[in-house]
K.L.:
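My questions will all concern the structure given below.
Note that the structure is a prediction, hence the values are computed from the model and not measured.
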Amino acid sequence: MAKPFYRLQRFLRRTQFFFLFLAAAYLMAGSLLLLQRAGFVIQVGSRGPVQFMTAPSPAPITRSTMMDSSKLANPWRLSSQEPGDGMGPRQNPNNGPRWLMSRNLEIRHLRRRWFHSLMTEQEPRAEQGAAKRKIKHKGTYVGCFVDDAKSRALKGTVFYDFRKMTSSMCRDTCSESGYLFAGLEYGAECYCGNRITATRVRQEDCNLDCKGEKGTICGGVGRLSIYKVENLHPGSRKYRNVRYRGCYQKPKNVSAAFSMCCSHANLTSESCVELCADKEFPLAITQRSACCCGYSSIDFPLQQKFDDQYCGRAANQSDRGGFPEDNDHVLAFQTPVQDTRCTDRKFKPEKSNALVALSSFPGAGNTWVRHLIELATGFYTGSYYFDGTLYNKGFKGEKDYWKSGRTICVKTHESGKREIEMYDATILLIRNPYRSLVAEFNRKCAGHLGHASEQHWKSKEWPDFVASYAPWWASHVLDWLKFGRRLLVVHYEELQQALFPQLRLITNFLNASVSDERLLCVESNQDGHFKRSGVRQRGFDPFTVEMKMQIDGYITIVDAALRTHNFTGLPQEYVPR
């Protein structure tokens, strides 16, 4: 009898320890869940410093390898990282050469879900605490006003910063552009204008802190906190964002083409621009003593530009000087006022079952094309990655899960077979590899808007970068031609030269109904917030003879592959021919 009781006693003791372990594990899991609900985010993975590794030189290009994309595949891949992560390439001897292995989708989805839950849980708490704190304002505060996407209270320039927006940043930006008022909304959106075209509401409606300046009010939901910017003396007002658009033929019906016209004996182009900016018009049209203000329209499109000699304007003349010598042509200037006919954007009201990719090699202008598509269609674009910089500047689709179906298309740089076959259709964006490599190297060294320093160009990083990325440019196109289901090939250079017809092709491919008026508005706002300020002139050519031989070989292969798949070849400016 002793043995059975002894065995039973041992079993019960072990069972107690087992249940104690289960209870401890349950409590630990509950504690982690409470921490997450309280606002803590668990970091999955980390980003290391930028590392470059030298890739082997590509094999000689022959006819047998011309159409075989596998011969071009980079001998390196980025494991568990997206392009631009700053991680160096790693060799994969087991699976063979592949481009840009994607991250674990479950981990990415979990990170995005945690980030989304964190944002949605923190925002209501900020709104609840807004009523209790003391409201303080800096500068000359005007009041709280109603703001609507279709009828803005301030109709000038618009910019966003969902992380660092402050009232002083908004006021300074509006003042530099020559505006009288600056307004902030949602704690992160800045609007400029010369007239307030909305009704004032109670101050309690403006109850959101600025994202970069806690304690300072930056509007509310559909409410605009408006400030009066620094007063400028009469006659000293300067518009820094005026752009000369070109010489155009005078419309047959001037009253139908423009919203207002006036004449003055001492009229100058600068005074005409100032008049139209004060009246909240994006275009100023001059001809001798006449000044007209309005928008680009069917009666006055901006595609058919004439040589400046028809307007009696020298090529090296100031942007604000010169008047047409005849009665058939006019000069057009872009004022700092933004054309607001296409600035409203939203997520798709109904989720789409078809997933459309906007695919490109890094540095090929993907961000710019996303800006154009959002303005043209009125819907946000998504991303396979999460770029906080882009999200902070107004690309709200960056935060959305890329498979949600709420965005019009999804940005991606992936080029593996599995990653390509996830999409039902693709807009394949191609750019001159020389310019793409320079743009991506600038981004890696100095961000979206910066330029790499001369030390970067002359360091070992640049030749290593070209050796690794140049084959990727060709492999990316060849893989999408091989595995893509329904393709629309768009060349960056052709989009620059003929924006209106190319955008029409893109919107038709996306099954988006877009009016000509909206496309004309896109043309007026085509630059966006992510265009580098001109090309920084370098005192040397960064591409060596060996680099050019390598890149030219890849250009030949891609050009032949496009023609084989019944697409138009690469633009004429590509080399060699």
K.L.:
Considering non-hydrogen atoms only, spot the tightest contact between Leu437 and Phe465 and give its length.
P.N.:
O-CE2, 3.5 Å
K.L.:
Walk me through whether Phe361 and Ile430 qualify under side chain to side chain contact (heavy atoms under 4.5 Å, CB included).
P.N.:
CA-CA 7 Å; Phe361 174 78; Ile430 305 175; over 6 Å; no
K.L.:
Can a salt bridge be assigned to the pair Glu189 and Arg345 using a cut-off of 4.0 Å between side-chain N and carboxylate O?
P.N.:
no
K.L.:
Both conditions, 6.0 Å and 45 degrees, for the charged tip of Arg223 above the ring of Tyr186: are they met here?
P.N.:
no
K.L.:
Is there a side-chain contact between Tyr191 and Leu224, using heavy atoms and a 4.5 Å cut-off?
P.N.:
yes
K.L.:
Can any side-chain N or O of Ser383 pair as donor or acceptor with the backbone N or O of Phe386 at less than 3.5 Å?
P.N.:
no
K.L.:
So, do Arg370 and Leu390 sit near enough that their side-chain heavy atoms are less than 4.5 Å apart?
P.N.:
yes
K.L.:
Give me the one residue out of His413, Glu414, His476 that meets side-chain hydrogen bond (donor to acceptor under 3.5 Å, both in side chains) with Ser359.
P.N.:
His476
K.L.:
Looking at every non-hydrogen atom in both residues, tell me the closest pair between Asn525 and Cys342 and how far apart they are.
P.N.:
ND2-SG, 3.6 Å
K.L.:
What is the minimum heavy-atom distance between Ala188 and Met165, and which atoms define it?
P.N.:
O-CE, 3.2 Å
K.L.:
Are Lys211 and Asp161 ion-paired here, with the side-chain N under 4.0 Å from a carboxylate O?
P.N.:
no
K.L.:
How far apart are the C-alpha atoms of Cys190 and Cys170, what are their side-chain angles, what is the distance that settles it, and do they pass the disulfide bond (SG atoms under 2.5 Å apart) test?
P.N.:
CA-CA 6 Å; Cys190 176; Cys170 181; 1.9 Å; yes
K.L.:
Could you tell me whether Glu494 and Arg431 make a salt bridge, using a distance below 4.0 angstrom between a side-chain N and a carboxylate O?
P.N.:
no
K.L.:
Can you tell me how far CD of Glu454 sits from OG of Ser459, rounded to the nearest 0.5 angstrom?
P.N.:
11.0 Å
K.L.:
Take Thr335 and Val242 through the side chain to side chain contact (heavy atoms under 4.5 Å, CB included) test and state the conclusion after the steps.
P.N.:
CA-CA 5 Å; Thr335 73; Val242 177; 5.7 Å; no
K.L.:
Quick one: does any side-chain atom of Asp205 pair with a main-chain N or O of Val201 as donor and acceptor, under 3.5 Å?
P.N.:
no
K.L.:
Let's go through Trp368 and Gln496 carefully: what are the C-alpha distance in whole Å and the side-chain angles of both, what is the deciding distance for side chain to side chain contact (heavy atoms under 4.5 Å, CB included) to 0.1 Å, and is it a yes or a no?
P.N.:
CA-CA 11 Å; Trp368 178 58; Gln496 281 185 314; 4.0 Å; yes
K.L.:
When you compare the side chain of Ile196 with that of Val142, does any pair of heavy atoms fall below 4.5 Å?
P.N.:
yes
K.L.:
To the nearest 0.5 angstrom, please state how far the CG atom of Leu488 sits from the CD atom of Gln502.
P.N.:
8.0 Å
K.L.:
Would the distance check show the side chain of Glu523 and the main-chain N or O of Leu520 forming a donor-acceptor pair, the cut-off being under 3.5 Å?
P.N.:
no
K.L.:
If you round to the nearest 0.5 Å, how far is CG of Leu505 from CD1 of Ile427?
P.N.:
10.5 Å
K.L.:
Donor-acceptor check, side chain of Asn442 to backbone of Ala452, threshold 3.5 angstrom: yes or no?
P.N.:
yes
K.L.:
When rounded to the nearest 0.5 angstrom, what is the spacing between SG in Cys192 and CZ in Arg171?
P.N.:
12.0 Å
K.L.:
Taking Asp339 for its side chain and Ser524 for its backbone only, find out whether a donor-acceptor pair lies under 3.5 Å.
P.N.:
no
K.L.:
Could you pull out the closest heavy-atom pair between Ala425 and Phe509, with the gap in Å?
P.N.:
CB-CZ, 3.9 Å
K.L.:
Are the aromatic rings of Tyr554 and Trp473 close, with centres under 6.0 Å apart?
P.N.:
no
K.L.:
Applying the side chain to side chain contact (heavy atoms under 4.5 Å, CB included) criterion to Ile506, which one of Ile373, Leu358, Leu372, Thr377 satisfies it?
P.N.:
Ile373
K.L.:
Quick check: do Val438 and Trp457 have side-chain heavy atoms less than 4.5 Å from each other?
P.N.:
yes
K.L.:
Do Asp479 and Lys417 make a side-chain contact, defined as non-hydrogen atoms from C-beta onward lying under 4.5 Å apart?
P.N.:
no
K.L.:
Give me the atom names and distance for the closest heavy-atom approach of Pro571 to Glu493.
P.N.:
CG-OE1, 4.1 Å
K.L.:
Report yes if the side chains of Val514 and Leu519 come closer than 4.5 Å at any heavy-atom pair, otherwise no.
P.N.:
yes
K.L.:
For the residue pair Trp472 and Tyr469, categorise the inter-ring angle as parallel (less than 30°), tilted (30 to 60°) or perpendicular (more than 60°).
P.N.:
tilted
K.L.:
Testing the 3.5 Å rule here: is there a donor-acceptor pair between the side chains of His371 and Thr381?
P.N.:
no
K.L.:
Check step by step if side-chain hydrogen bond (donor to acceptor under 3.5 Å, both in side chains) holds for Tyr160 and Glu185.
P.N.:
CA-CA 10 Å; Tyr160 311 87; Glu185 187 172 359; over 6 Å; no
K.L.:
Check Asp344 with Arg152, please: is the shortest side-chain N to carboxylate O separation under 4.0 Å?
P.N.:
no
K.L.:
Looking only at non-hydrogen atoms, find the nearest pair between Ala470 and Ile551 and report the distance.
P.N.:
CB-CG1, 4.1 Å
K.L.:
Apply side-chain hydrogen bond (donor to acceptor under 3.5 Å, both in side chains) to Tyr380 and list each qualifying residue two or more places apart in sequence or on a separate chain.
P.N.:
none
K.L.:
Decide salt bridge (Lys or Arg N to Asp or Glu O under 4.0 Å) for Arg485 and Asp424; before the verdict, give the C-alpha distance in whole Å, the side-chain angles of both, and the deciding distance to 0.1 Å.
P.N.:
CA-CA 6 Å; Arg485 296 178 181 175; Asp424 302 290; 3.5 Å; yes
K.L.:
State, yes or no, whether a side-chain contact exists between Phe181 and Cys174 at a heavy-atom distance under 4.5 Å.
P.N.:
no
K.L.:
Evaluate disulfide bond (SG atoms under 2.5 Å apart) for Cys206 paired with Cys144, printing each intermediate quantity in order.
P.N.:
CA-CA 6 Å; Cys206 291; Cys144 184; 1.9 Å; yes
K.L.:
In Å, rounded to the nearest 0.5 Å, how long is the span from OG of Ser415 to CD1 of Ile420?
P.N.:
6.0 Å
K.L.:
Is a donor from one side chain sitting under 3.5 angstrom from an acceptor on the other, for Ser453 and His456?
P.N.:
yes
K.L.:
Which is it for Ile217 and Leu208 under the side chain to side chain contact (heavy atoms under 4.5 Å, CB included) test, yes or no, and what are the steps along the way?
P.N.:
CA-CA 6 Å; Ile217 301 301; Leu208 294 180; over 6 Å; no
K.L.:
With distance as the sole test, does Ser468 use its side chain to make a donor-acceptor pair with the main-chain N or O of Asp464 at under 3.5 Å?
P.N.:
no
K.L.:
Report yes if the distance between the aromatic ring centroids of Tyr385 and Trp402 is under 6.0 Å, otherwise no.
P.N.:
no
K.L.:
Going by the angle between their ring planes, with limits at 30° and 60°, are Phe543 and Tyr434 parallel, tilted or perpendicular?
P.N.:
perpendicular
K.L.:
Considering only heavy atoms from C-beta outward, does the side chain of Gln526 approach that of Leu499 to under 4.5 Å?
P.N.:
yes
K.L.:
Which distance, rounded to the nearest 0.5 Å, do you find between the OG1 of Thr426 and the CE of Met422?
P.N.:
10.5 Å
K.L.:
For Asp400, run the salt bridge (Lys or Arg N to Asp or Glu O under 4.0 Å) check against Lys351, Lys346, Lys411, Arg406 and tell me which one passes.
P.N.:
Arg406
K.L.:
Just checking, any donor-acceptor pair under 3.5 angstrom between side chains of Gln203 and Tyr141?
P.N.:
yes
